[in-house]
Asks: 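One structure, as structure tokens, below. Some questions next.
All of these numbers come straight from a predicted model, not from anything done at the bench. Quick note on labels: first sequence line is chain A, next is B, and so on, each numbered from 1.
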2 protein chains.
Amino acid sequence: MGEKSQPVTMADVAARAGVSRALVSIVVRGVPGASPASREKVLRAAAELDYHPDQRARLLGAARSRTLGVVHDLRQPFHGELVESLYAAVERDGRGGAGWRLALEPTAPGRPPATAVRALLDHRCEAVLLLGPTSPAAELARLAERLPVVVLARAVEAAGVDVVRTDDEAGARLAVEHLLALGHRRLAHLHGGRAPGAAQRRAGYRAAVRAAGVRAELVAGGPGEADGQAAAPRLLHPDGPSAVLAFNDACAVGLLAAARAGGTAVPGRLSIVGYDDSAVASLPSVALTTVGQDAAALAEHAVARAVARAEDPRAPAAETVVAPRVVQRRTTAPPA
Amino acid sequence: MGEKSQPVTMADVAARAGVSRALVSIVVRGVPGASPASREKVLRAAAELDYHPDQRARLLGAARSRTLGVVHDLRQPFHGELVESLYAAVERDGRGGAGWRLALEPTAPGRPPATAVRALLDHRCEAVLLLGPTSPAAELARLAERLPVVVLARAVEAAGVDVVRTDDEAGARLAVEHLLALGHRRLAHLHGGRAPGAAQRRAGYRAAVRAAGVRAELVAGGPGEADGQAAAPRLLHPDGPSAVLAFNDACAVGLLAAARAGGTAVPGRLSIVGYDDSAVASLPSVALTTVGQDAAALAEHAVARAVARAEDPRAPAAETVVAPRVVQRRTTAPPA
DNA sequence: CCACACTACTAGAGCGCTCTAGGCCTAGAG
DNA sequence: CTCTAGGCCTAGAGCGCTCTAGTAGTGTGG
């Protein structure tokens with residue numbers, strides 16, 4: 001119903017304030033070169049006209065876009081958290097001229113990463129952040145020849161690609177230490193086999209139990225609920241462990257369901273620790289103690305790396321490792 | 001490491017193909033006005049130079065941006081699904097000149113909807129799609145005076161605002177019909193009190209059970225797991241219903257956990273239907289039969305409405321109601 | 001043979017900004 | 001009094017496209 005009026009441009013503001021367009025530009029960008037008096041005059045005119053600079057023109061006119069492209073997966077809740085933290089990081093960020101913006105491009109079944117990246121390149125962003133990309137390392141390396149690439153939350157080795165990820169080895173170690181602190185002395189790790197990250201988690205677990213000199217076993221699991229369920233018989237016998245570190249939350253939930261169905265009290269008789277702090281873990285009926293990634297720290301580092309490399313194209317790629325933390329809920333307690 | 005070369009522009013392609021820039025524009029846009037011969041010549045030159053039009057310039061130069069802004073909540077898995085379907089809808093869309101694009105702007109704690117909408121306006125998109133907005137109706141109406149606004153997945157009454165939502169009354173009715181078809185004759189609805197949508201779901205339930213003439217009760221629940229858990233005593237007695245429709249999935253899961261903990265077989269002794277088809281419902285250890293929204297249909301209608309109103313600003317706002325569907329999993333079965 | 005229509009193409013003016021180069025003015029130094 | 005320095009401001013040339021107007025060239029019918 002309302003009248004959709006012509007959008008007001010910089011020229012309108014300049015006319016109203018009685019100055020040149022260039023001066024309006026100086027004022028709205030907040031750069032030095034205008035007297036306080038005319039600055040105030042321009043800002044008032046802008047406010048009165050409800051002027052808002054056209055991003056398209058701003059981006060085109062400026063030599064640099066100061067835009068970071070983000071490729072994320074809509075189906076992964078953790079990506080949501082990361083994106084959220086990326087916005088926080090980019091808005092807080094003050095170093096090096098400030099004013100970076102984010103451009104989001106999701107992937108999904110039917111929308112491959114290549115499409116998302118293409119869209120970002122077409123918007124001429126200066127660097128891309130890929131969240132848990134599934135693309136082969138060679139493809140990432142190829143992309144990294146065109147612009148700075150930062151991979152988040154996946155351990156890849158690709159030439160020229162920055163990686164910011166969580167230290168899975170430390171995560172497993174922290175989980176073991178949490179269980180030891182509770183008094184557990186008979187531990188087991190329901191490991192993830194060949195799933196991504198599984199090797200590091202196993203290594204962390206092994207190192208931690210060895211250091212503590214406690215009884216510990218390793219049981220084959222996997223990344224799904226079914227894997228946890230299937231492993232139940234090997235863990236739930238009278239002589240079994242008093243605490244289990246599962247490969248991930250799904251696997252832990254499978255084990256948890258089997259344990260409860262079989263009458264094993266959790267955490268009374270068995271403590272269970274998941275990994276990932278996914279949405280399931282925080283459900284009231286699950287309340288799984290788990291190892292969570294520090295989304296804020298990952299985002300902070302990723303933005304810092306992307307900006308640094310965009311500012312200086314000759315800066316070398318680097319790997320940044322962030323420590324995870326144990327999120328204690330209600331599946332761990334001192335042994336009976 | 002790699003040489004970040006100057007991006008290639010339309011002029012480069014024109015020079016290589018030996019034609020004018022205007023002709024290159026005609027060819028890359030795919031509009032009529034070029035002979036097959038020069039079309040091919042231009043496309044080859046473009047391919048050889050790996051030319052990709054600069055979106056910023058394209059958007060600035062064109063009279064219309066043909067961009068739909070999307071405001072979504074990163075924490076809501078269903079929004080992810082919707083966005084996914086929006087991409088599918090917009091890419092498939094052929095009517096009216098085609099070629100619409102999406103611009104995503106997420107909301108999150110720390111990033112209010114106003115910020116997201118502002119960003120979209122600054123990009124000069126032609127309409128905005130708001131997913132489950134929490135803003136007051138008056139604010140939506142105000143925004144609708146500036147450009148077409150389509151609200152998805154929330155029932156609001158605001159002047160000039162298009163609404164595309166799921167028919168909650170039909171959803172409850174479908175759930176009851178599913179239970180009746182299984183042979184249940186003693187039903188209950190664990191309703192949502194004053195939660196959004198609860199009234200419609202109650203109405204649908206009432207209408208369906210009345211039409212069938214079966215025994216049915218109404219028990220107060222709520223939107224959380226705790227509400228489902230708390231209602232368990234009133235539902236799990238020997239003379240209780242053989243099937244329950246819960247207000248939503250969380251409520252259903254609470255009841256489910258209480259039932260299983262108390263030794264009530266689900267679905268053997270009691271069938272449970274949730275509502276929303278949220279992520280919990282599809283967990284293997286839950287496998288909740290539930291009423292799901294048709295994200296694809298919602299997205300399709302939303303895009304159609306947004307495009308229609310952007311093409312014709314005088315078109316009146318409308319409300320579109322989409323039928324939900326029952327997603328059968330493993331918490332419903334014929335009564336014992 | 002000329003008007004006419006139609007197709008294939010080009011010139012060039014925007015789109016709304018940014019940003020460099022330069023003008024004007026007032027001071028302070030020499 | 002001249003010279004330079006610096007603060008404030010403006011003109012105007014891009015940025016890389018789109019799109020209108022207009023110029024050939026090619027048939028077609030009268």
Asks: Restricting to nitrogen or oxygen on both sides, can you table the protein-nucleotides 21-28 of chain D pairs closer than 3.5 Å?
Replies:
none

Asks: Tell me which pairs pass salt bridge (charged side-chain N to carboxylate O under 4.0 Å, His left out) where either residue lies in residues 103-115 of chain A, with sequence neighbours left out.
Replies: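 Listed by first then second residue: A:E105-A:R111, A:R111-B:E91.
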Asks: Evaluate side-chain contact (heavy atoms from CB on, under 4.5 Å) for B:V128 paired with B:V150, printing each intermediate quantity in order.
Replies: CA-CA 6 Å; B:V128 289; B:V150 179; over 6 Å; no
Asks: With both distances kept under 3.5 Å, what pairs with C:dG30, Watson-Crick or G-U wobble?
Replies: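 WC or wobble partner is D:dC1.
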Asks: Do B:L147 and B:E126 have side-chain heavy atoms sitting under 4.5 Å apart?
Replies: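 No; the side chains remain at least 4.5 Å from each other.
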Asks: What residues in residues 45-65 of chain A put a non-hydrogen atom under 4.0 Å from any atom of DNA chain D?
Replies: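 By residue number: A:L60, A:G61.
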Asks: Assess the residue pair B:T67 and B:R101 against the criterion (side chain to side chain donor-acceptor pair (under 3.5 Å)); give the C-alpha distance rounded to whole Å, side-chain angles, the decisive distance to 0.1 Å, and a yes or no.
Replies: CA-CA 5 Å; B:T67 299; B:R101 30 185 312 280; 2.8 Å; yes
Asks: If we only count heavy atoms from C-beta on, is the A:L130 to A:L152 side-chain gap below 4.5 Å?
Replies: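 Of all side-chain heavy-atom pairs linking A:L152 with A:L130, none is under 4.5 Å.
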Asks: Do we see a donor-acceptor contact under 3.5 Å between the side chains of B:R39 and B:S35?
Replies: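 No, no side-chain donor-acceptor contact under 3.5 Å.
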Asks: Show, in sequence, the C-alpha distance, side-chain angles and deciding distance for B:R165 and B:V321, and conclude whether the side-chain contact (heavy atoms from CB on, under 4.5 Å) test is met.
Replies: CA-CA 5 Å; B:R165 63 176 180 84; B:V321 174; 3.9 Å; yes
Asks: I'd like a table of atom pairs between the protein and nucleotides 21-28 of chain C - only N or O on both sides, under 3.5 Å - with the distance next to each one.
Replies:
none

Asks: Between B:A116 and B:P106, which heavy-atom pair has the shortest distance, and what is it?
Replies: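 In this case the closest contact between B:A116 and B:P106 is CB-O, 4.0 Å.
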Asks: Provide, to the nearest angstrom, the distance between the CE atom belonging to B:M10 and the P atom belonging to D:dC19.
Replies: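 Spelled out: CE on B:M10 to P on D:dC19 is 11 Å.
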Asks: What's the shortest heavy-atom distance between A:V322 and A:H301, and which atoms?
Replies: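 A:V322 and A:H301 have their closest heavy atoms at CG2-ND1, 3.7 Å.
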Asks: For residues B:L298 and B:Q293, report the shortest heavy-atom separation together with the two atoms involved.
Replies: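 Of all heavy-atom pairs spanning B:L298 and B:Q293, the closest is CD1-OE1, 3.7 Å.
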Asks: What I want to check is whether the side chains of B:H52 and A:R118 have a donor and an acceptor closer together than 3.5 Å.
Replies: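 Their side chains do contain a donor-acceptor pair, which is all the 3.5 Å distance test asks for.
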Asks: Using side-chain heavy atoms (C-beta onward) and a distance below 4.5 Å, is A:P196 in contact with A:R154?
Replies: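 In short, these two side chains do not touch, never coming nearer than 4.5 Å.
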Asks: Starting at CG of B:D122 and ending at P of C:dC17, how long is that distance when rounded to a whole Å?
Replies: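 Going from CG in B:D122 over to P in C:dC17 covers 10 Å.
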Asks: A:E81: what forms a salt bridge (Lys or Arg N to Asp or Glu O under 4.0 Å) with it, not counting sequence neighbours?
Replies: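 With sequence neighbours excluded, A:E81 shows a salt bridge (Lys or Arg N to Asp or Glu O under 4.0 Å) to no residue whatsoever.
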Asks: In residues 13-32 of chain A, which residues come under 4.0 Å of DNA chain D by heavy atom?
Replies: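 By residue number: A:V19, A:S20, A:R21, A:A22, A:L23.
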